[in-house]
Engineer: 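Attaching a single structure in structure tokens format; questions to follow.
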Amino acid sequence: MSEQNILEVKDLTKHFKAGKKQIVHAVDGISFTLERGKTLGLVGESGCGKSSCARTIIRMYDPTAGQIILDGTDITNMKQKELMPYRKKMQMIFQDPYASLNARMTVRDIIAEPLLAHKMVKNKEESNELVYPMLERVGLTKEHANRYAHEFSGGQRQRVGIARALILEPQLVICDEPISALDVSIQAQVINLLKDFQEEKGLSYLFIAHDLSMVRYVSDDVGVMYLGQLVEMSEADEIYKNPLHPYTKGLLGSVPIANPKLARQKEKSSIEGDIPSPINPPSGCRFHTRCPYAKPECSQVTPKLVDVGKGHRVACHLCGQ
Ligand code: SF4
């Protein structure tokens, strides 16, 4: 593993059992690297497997196959006890700050809990020395410490979620749609807070979102997921200027359509139809059931994710395969 990388994910696979015989193919053979101090945006519709991918990387779920290398150490098959020191290095910020904060704990106790769990402080009093400055750092005050999550607005609750994640001084933070549940007016404030922390602490972010515009401002690199697989990945600027995969183009609302009536409909919903079930994903290219350019081989041959130049990788039979 290159020392430059905080995270390397190789062929990561996560399947869940559904009933006696069915398997949900949530994540199917994903590989990428994340450099220290950088942000990788992971994008795709609901149900594409991006959150399962994040939760597998952070080892909330046990991977079915593949490898997760964090800061040079393979943590793929570590048992929970062994994982403890590595958990400190990677933390998660969740989409719904209300559901992820314990309603019966004060904000002070919520933020102090990981410090005590990792034995970074001896007791509550000692934890206050870290909790109060952190509250101020995320834009809250010492006076907020004894309140409960339900007494806060959505934006304030997400600030508490950020404080809880960052109090351990992690190196990698997985942000699972951290602004999707917030008012637009609050989203920029939360993003700016995350960016400030990144600059200050050299943090690396894996930033998960359901639309490309949301990750544009924060990401150095962007990966696009469809039905458990990566279909395109490149530097962020390149993917916005030169999207190659029809699904990425659809997400950007830029699939060219000759018929003006259809084009108008397309503006409302840039990709037709619903994402198929991950229980029985389509054969070949998983996007073939919705792709306006699908040809017969697309349903039979799975396109590989190949580098088409300057590290721009794409999995599509139209792109040099
Ligand atoms: Fe469309 Fe075929 Fe490319 Fe898949 S491989 S995105 S179906 S053209």
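None of the values given here were measured: they were computed from a predicted structure. Keep in mind that the numbers below use all heavy atoms, side chains included, and drop hydrogens, waters and symmetry copies. One-based numbering, in listed order, for ligands and for the atoms of each.
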Engineer: Is the shortest side-chain heavy-atom distance between E8 and Q67 below 4.5 Å?
Structural biologist: no

Engineer: Give me the residue, atom name and distance of the protein heavy atom closest to atom 2 (Fe) of ligand 1.
Structural biologist: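 Its nearest protein heavy-atom neighbour is C298 SG, 2.3 Å.
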
Engineer: For atom 3 (Fe) of ligand 1, grab the closest protein heavy atom and report residue, atom and distance to one decimal in Å.
Structural biologist: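 Nearest protein contact, heavy atoms only, for atom 3 (Fe) of ligand 1 is C316 SG, 2.3 Å.
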
Engineer: Note the single closest protein heavy atom to atom 5 (S) of ligand 1, along with its residue, its atom name and the distance in Å.
Structural biologist: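 Answer, as residue, atom name and distance: H317 N, 3.2 Å.
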
Engineer: What is the nearest protein non-hydrogen atom to atom 8 (S) of ligand 1, stated with its residue, atom name and distance?
Structural biologist: L318 CG, 3.6 Å

Engineer: For ligand 1, does H245 get within less than 4.0 Å through its side chain, its backbone, both, or neither, judged by non-hydrogen atoms?
Structural biologist: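 Contact part for H245 vs ligand 1: side chain (C-beta onward).
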
Engineer: Got I179 and L194 here, is their nearest side-chain heavy-atom distance under 4.5 Å?
Structural biologist: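 No, too far: nothing below the 4.5 Å cut-off.
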
Engineer: Quick check: do D176 and K50 have side-chain heavy atoms less than 4.5 Å from each other?
Structural biologist: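 Side-chain contact under 4.5 Å: no.
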
Engineer: Considering only the protein, which heavy-atom contact is closest to atom 4 (Fe) of ligand 1, and what is its distance?
Structural biologist: C285 SG, 2.3 Å

Engineer: Which atoms of ligand 1 sit under 4.0 Å from any heavy atom of P246?
Structural biologist: 6 (S)

Engineer: Are side-chain heavy atoms of L101 and R164 found at a separation under 4.5 Å?
Structural biologist: yes

Engineer: Are any N, O or S atoms from H288 nearer to atom 3 (Fe) of ligand 1 than 2.8 Å?
Structural biologist: no

Engineer: Pick from R290, H245, E45: which one makes a side-chain hydrogen bond (donor to acceptor under 3.5 Å, both in side chains) with Y226?
Structural biologist: R290

Engineer: Looking only at side chains, do R108 and N146 share a donor and an acceptor under 3.5 Å apart?
Structural biologist: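 There is no such pair (donor and acceptor under 3.5 Å, judged by atom type) between the side chains of R108 and N146.
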
Engineer: Is the shortest heavy-atom distance from the side chain of I271 to the side chain of L251 under 4.5 Å?
Structural biologist: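 Yes, side chains in contact.
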
Engineer: Give the numbers and elements of all ligand 1 atoms closer than 4.0 Å to a heavy atom of C291.
Structural biologist: 1 (Fe), 6 (S), 7 (S), 8 (S)

